[in-house]
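The block underneath contains the structure these notes are about, expressed in structure tokens.
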Amino acid sequence: MFTLPDLAYDYSSLEPFIDIETMHVHHDKHHAAYVKNLNDILVGHDDLLGMDINDLLSDINKIPEGLRMKVKNNGGGHANHSMFWQVMAPNTGKEPQGKLMEAIKSTFGDFSTFQEKFSASALGHFGSGWAWLVIDGGKLEILDTPNQDSPVSLGKTPILLLDVWEHAYYLKYKNLRAEYINNWWNVVNWKKVEELFESGVNHK
Ligand code: MN
């Protein structure tokens with residue numbers, strides 16, 4: 001069985017950038033629904049229900065064909081949101097440090113160029129989906145995916161992600177996705193992203 005993880009911080013603590021009402025609806029309703037649907041879809045498949053969600057998504061051909069798309073959507077929804085809550089936190093630093101910052105500079109030139117490219121990817125994504133910073137072949141890469149598709153299914157290791165489904169911002173920002181993206185940078189938990197980078201690079 002998959003379970004909805006608790007937030008590591010209060011629902012109100014990302015204010016004023018991410019509002020409390022959005023956090024409640026997003027975590028308690030949207031993410032909870034992905035978890036419930038995933039468990040319902042996999043009833044009787046105890047081997048799959050016992051797997052780590054990212055392991056499950058990294059080899060989706062293991063999933064019976066009739067269930068594959070539903071698992072990709074709902075399992076992706078569970079994995080993506082679980083990571084999204086972790087890469088945000090209140091009172092974070094504005095920039096990463098250490099090896100991650102070095103890698104960002106060597107890949108993108110400087111941090112603000114990286115931010116501009118990531119924001120452009122999030123803003124330019126048509127419809128529902130996610131913007132990502134991933135490790136691929138030991139190198140950093142920005143990409144966007146539709147729906148709940150995870151880069152894990154493409155063999156890439158995600159270290160940062162931004163939800164650009166309307167449910168992530170519409171209550172507060174209405175149609176102003178660019179404003180949501182700009183404000184979101186204030187709550188990025190760079191310590192966590194640094195951890196994910198270092199374990200991802202060492203894993204490869
Ligand atoms: Mn979402």
Side-chain angles (χ1 to χ4, degrees), residues 2-42 52-54 56-58 60 69-90 92 115 118-134 142-154 156-190 192-193 196:
F2 294 96
T3 54
L4 179 67
D6 290 331
L7 298 178
Y9 41 81
D10 195 80
Y11 288 87
S12 65
S13 60
L14 303 183
E15 292 267 12
F17 310 110
I18 310 288
D19 61 292
I20 183 172
E21 190 183 4
T22 295
M23 288 301 293
H24 271 294
V25 172
H26 203 173
H27 178 270
D28 304 353
K29 305 294 183 191
H30 288 278
H31 188 171
Y34 292 123
V35 173
K36 182 183 187 305
N37 291 342
L38 181 61
N39 287 327
D40 289 349
I41 290 158
L42 292 176
D52 173 82
I53 187 61
N54 285 303
L56 182 63
L57 293 170
S58 69
I60 52 177
M69 186 54 72
K70 289 178 181 173
V71 170
K72 196 176 172 191
N73 290 336
N74 291 283
H78 174 41
N80 298 346
H81 288 92
S82 296
M83 187 176 171
F84 188 50
W85 312 132
Q86 289 183 26
V87 300
M88 297 190 292
T92 58
Q115 273 189 312
F118 187 97
S119 291
S121 178
L123 185 62
H125 180 82
F126 184 80
S128 296
W130 296 79
W132 302 85
L133 179 64
V134 303
I142 291 168
L143 59 102
D144 57 299
T145 61
N147 305 314
Q148 295 295 353
D149 292 8
S150 168
V152 168
S153 302
L154 305 171
K156 300 170 194 276
T157 304
I159 63 170
L160 179 66
L161 73 172
L162 174 57
D163 193 341
V164 294
W165 284 58
E166 283 188 345
H167 69 228
Y169 61 89
Y170 210 86
L171 285 174
K172 179 178 173 72
Y173 294 97
K174 301 297 184 285
N175 58 319
L176 303 178
R177 189 191 284 189
E179 196 177 318
Y180 159 66
I181 294 166
N182 284 339
N183 279 342
W184 172 77
W185 289 111
N186 290 290
V187 295
V188 174
N189 181 3
W190 288 112
K192 180 67 186 178
V193 184
L196 291 169

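Just so you know, ligand 1 is whichever comes first in the structure, and atom 1 is the first atom listed for that ligand.
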Take Y173 and N183 through the test side-chain hydrogen bond (donor to acceptor under 3.5 Å, both in side chains) and record every step on the way to the result.
CA-CA 10 Å; Y173 294 97; N183 279 342; 3.0 Å; yes
Please report the C-alpha distance between L38 and I53 in whole Å, then the side-chain angles of each, then the deciding distance to 0.1 Å, and finally whether the side chain to side chain contact (heavy atoms under 4.5 Å, CB included) criterion is met.
CA-CA 10 Å; L38 181 61; I53 187 61; 3.7 Å; yes
Kindly state whether the ring of W184 and the ring of Y169 have centres lying under 6.0 angstrom apart.
no
So do the side chains of N37 and N73 get within less than 4.5 Å of each other, counting heavy atoms only?
no
Could I get the full list of salt bridge (charged side-chain N to carboxylate O under 4.0 Å, His left out) partners for D149, not counting sequence neighbours?
K72
So, at under 2.8 Å, which protein N, O or S atoms would a careful student list around the Mn ion (ligand 1)?
H26 NE2, H81 NE2, D163 OD2, H167 NE2
Taking the inter-plane angle between the rings of H81 and W85 on a 0 to 90° scale, is it parallel (under 30°), tilted (30 to 60°) or perpendicular (over 60°)?
tilted
